[in-house]
2 protein chains.
Amino acid sequence: MKINQVLKALSHPIRREVIAKLRDGPQSAGALAANFGVSKPTMSTHFAALKEAGLITAERDGVTIYYHLNVTVAEEALSAVMGILGAGEKKRGVTKTKGKGAPA
Amino acid sequence: MKINQVLKALSHPIRREVIAKLRDGPQSAGALAANFGVSKPTMSTHFAALKEAGLITAERDGVTIYYHLNVTVAEEALSAVMGILGAGEKKRGVTKTKGKGAPA
DNA sequence: CGTCTAATTAGAGATTTTTCTAATTATCGT
DNA sequence: ACGATAATTAGAAAAATCTCTAATTAGACG
């Protein structure tokens, strides 16, 4: 899981909404696309970004493609974000140096 | 807290590293900038993005500016990401319709 | 095979992001 | 006031992102 790809994927509202919808179960590309005011090719690009990030997987059934949320990657991503944001841990105070030998 | 700004802020490796460093306590702009292979003005831009997102705050002490992690916003952001990624909840199965009256 | 549906890839334009150098602002100390 | 230090703003170039329309691929079915 590449955290950079995952966070870039999460940095667009449409892609976040897609993930939210897929939490209720797999859905076809077309059904997903119907929820947003952009063209289908644009949605394809967003699906591709999510797929690249590993957050979703595609499954073809006949002519229809169903996207599934990859729960494992979603959980890994969440852990990673916890690691970055600190998950509520407290740390030591300022190391302020007021006098002459000032810090950078 | 605007989740879009926060996630965009998190979508750059340098900005994530800055947050990580600030978890150990406030640091000056210059001290932070010293850790990355980019110019100081570039770092200023990154600080501005983090500040816009509310993830850090600035405090001037003489000629030096100290950045602090905004723990509250960091925690809110984490909650928001949990909401998006689902925080490990399980949901119902596929609603696959194989026959004629196919879904979109 | 021809045609219809579902979705993607191709190509291009507009906007945003990232980064740089140069100039400016703000503060301190003499 | 002057000069040094810390950091930002200004302006511009390069790269990435987002979106569109048109064309293509893939499969189903009569």
Side-chain angles (χ1 to χ4, degrees), chain A residues 2 4-18 21-22 26-53 56-68 94-104, chain B residues 2 4-18 21-22 26-53 56-68 94-104:
Chain A
K2 279 164 192 160
N4 204 50
Q5 269 184 319
V6 170
L7 284 171
K8 278 196 174 180
L10 292 179
S11 79
H12 194 290
I14 287 183
R15 291 192 293 260
R16 289 197 296 274
E17 277 266 332
V18 168
K21 300 238 182 266
L22 291 181
Q27 273 193 57
S28 70
L32 287 167
N35 298 287
F36 308 93
V38 296
S39 70
K40 275 180 168 192
T42 294
M43 288 305 295
S44 264
T45 305
H46 288 307
F47 297 147
L50 288 164
K51 213 162 41 175
E52 277 265 308
I56 65 174
T57 55
E59 172 217 1
R60 178 181 280 272
D61 177 10
V63 90
T64 305
I65 289 175
Y66 289 90
Y67 284 110
H68 303 243
V94 196
T95 313
K96 202 178 290 188
T97 323
K98 251 195 169 169
K100 273 189 184 174
Chain B
K2 281 164 191 159
N4 203 49
Q5 269 184 320
V6 170
L7 283 171
K8 277 195 174 179
L10 291 178
S11 79
H12 195 290
I14 287 183
R15 291 192 292 259
R16 289 197 296 274
E17 277 266 330
V18 167
K21 299 237 183 267
L22 291 182
Q27 271 193 57
S28 70
L32 287 166
N35 297 288
F36 310 93
V38 296
S39 70
K40 275 181 170 193
T42 294
M43 288 305 293
S44 265
T45 304
H46 287 308
F47 297 147
L50 288 165
K51 213 162 40 175
E52 276 265 308
I56 63 174
T57 55
E59 173 215 2
R60 179 181 279 272
D61 178 10
V63 92
T64 304
I65 289 175
Y66 288 90
Y67 283 111
H68 302 244
V94 195
T95 313
K96 204 178 288 186
T97 323
K98 252 194 168 171
K100 273 192 183 173

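Keep in mind that what you see is a predicted model, and the values were worked out from it rather than measured. Letters A, B, ... are given to chains in the order of the sequence lines, protein chains preceding strands, and every chain is numbered from 1.
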Collect all protein-nucleotide pairs involving nucleotides 26-28 of chain C in which both atoms are nitrogen or oxygen and the distance is under 3.5 Å.
none

Closest non-hydrogen atom pair, B/S11 against B/P13 | O-CD, 4.1 Å
Distance, rounded to the nearest Å, where A/F47 contributes CZ and D/dT17 contributes C1' | 17 Å
Minimum-distance pair of heavy atoms, taken over all atoms of A/K8 and A/R15 | O-NH2, 3.1 Å
Protein-nucleotide distance (A/I56, atom CD1; C/dT8, atom C1'), rounded to Å | 13 Å
How far apart are the C-alpha atoms of B/L32 and B/F47, what are their side-chain angles, what is the distance that settles it, and do they pass the side chain to side chain contact (heavy atoms under 4.5 Å, CB included) test?
-> CA-CA 10 Å; B/L32 287 166; B/F47 297 147; 3.7 Å; yes
Please list, chain by chain and in numerical order, all residues satisfying side-chain contact (heavy atoms from CB on, under 4.5 Å) with B/A33, sequence neighbours excluded.
-> B/K40, B/M43
Nearest-nucleotide wise, let me know which of B/I65 and A/S11 is further upstream toward the 5' end of DNA chain D.
-> B/I65
Whole angstrom value for the distance that separates P of C/dT5 from OH of A/Y66 | 17 Å
CG of B/L7 versus C1' of D/dT17: gap in Å, rounded?
-> 16 Å
Rounded distance in Å - CD (A/E17) to P (D/dC18) = 16 Å
Scan nucleotides 14-17 of chain C against the protein and return all N/O pairs shorter than 3.5 Å with their distances rounded to 0.1 Å.
from, atom 1, to, atom 2, distance (Å)
C/dT17, OP1, B/K8, NZ, 3.1

Can you name the closest pair of heavy atoms from A/Y66 and A/S28 and give their distance?
-> CD2-N, 3.6 Å
Mind checking whether A/Q27 and A/L22 have side chains closer than 4.5 Å, heavy atoms only?
-> yes
Which part of the nucleic acid, if any, lies within reach of B/F36 when heavy atoms closer than 4.0 Å are counted: base, sugar-phosphate only, or nothing?
-> nothing
Sequence-distant partners of B/P41, side-chain contact (heavy atoms from CB on, under 4.5 Å), two or more places apart = B/S39
Test side chain to side chain contact (heavy atoms under 4.5 Å, CB included) on B/V18 and B/F36 and set out the steps.
-> CA-CA 10 Å; B/V18 167; B/F36 310 93; 4.0 Å; yes
Does A/K2 reach the side chain of A/V6, with side-chain heavy atoms less than 4.5 Å apart?
-> no
For the helix from C/dC1-D/dG30 to C/dT30-D/dA1, figure out the bend between the end axes, five pairs an end, and round to 10 degrees.
-> 10°
Taking OP1 and OP2 of D/dA6, is either one under 4.0 Å from a side-chain nitrogen or oxygen of B/Y67?
-> no
Taking N or O atoms only and anything under 3.5 Å, show me the protein contacts with nucleotides 20-24 of chain C, one pair per line.
from, atom 1, to, atom 2, distance (Å)
C/dC20, OP2, B/S39, N, 2.8
C/dC20, OP2, B/S39, OG, 2.9
C/dC20, OP2, B/T42, OG1, 2.6

Test A/I65 against A/E59 for side chain to side chain contact (heavy atoms under 4.5 Å, CB included), laying out the working first.
-> CA-CA 6 Å; A/I65 289 175; A/E59 172 217 1; over 6 Å; no
Under 3.5 Å: donor-acceptor pair, side chain of A/R16, backbone of A/A9 = no
Mind calculating the distance between CD (A/Q5) and P (D/dA16) to the nearest angstrom?
-> 14 Å
Are A/K51 and A/T57 side-chain neighbours, meaning at least one heavy-atom pair lies under 4.5 Å?
-> no
Can B/L7 and B/L10 be said to form a side chain to side chain contact (heavy atoms under 4.5 Å, CB included), step by step?
-> CA-CA 5 Å; B/L7 283 171; B/L10 291 178; 4.2 Å; yes
Are OP1 or OP2 of D/dT17 and a side-chain N or O of A/H46 less than 4.0 angstrom apart?
-> no
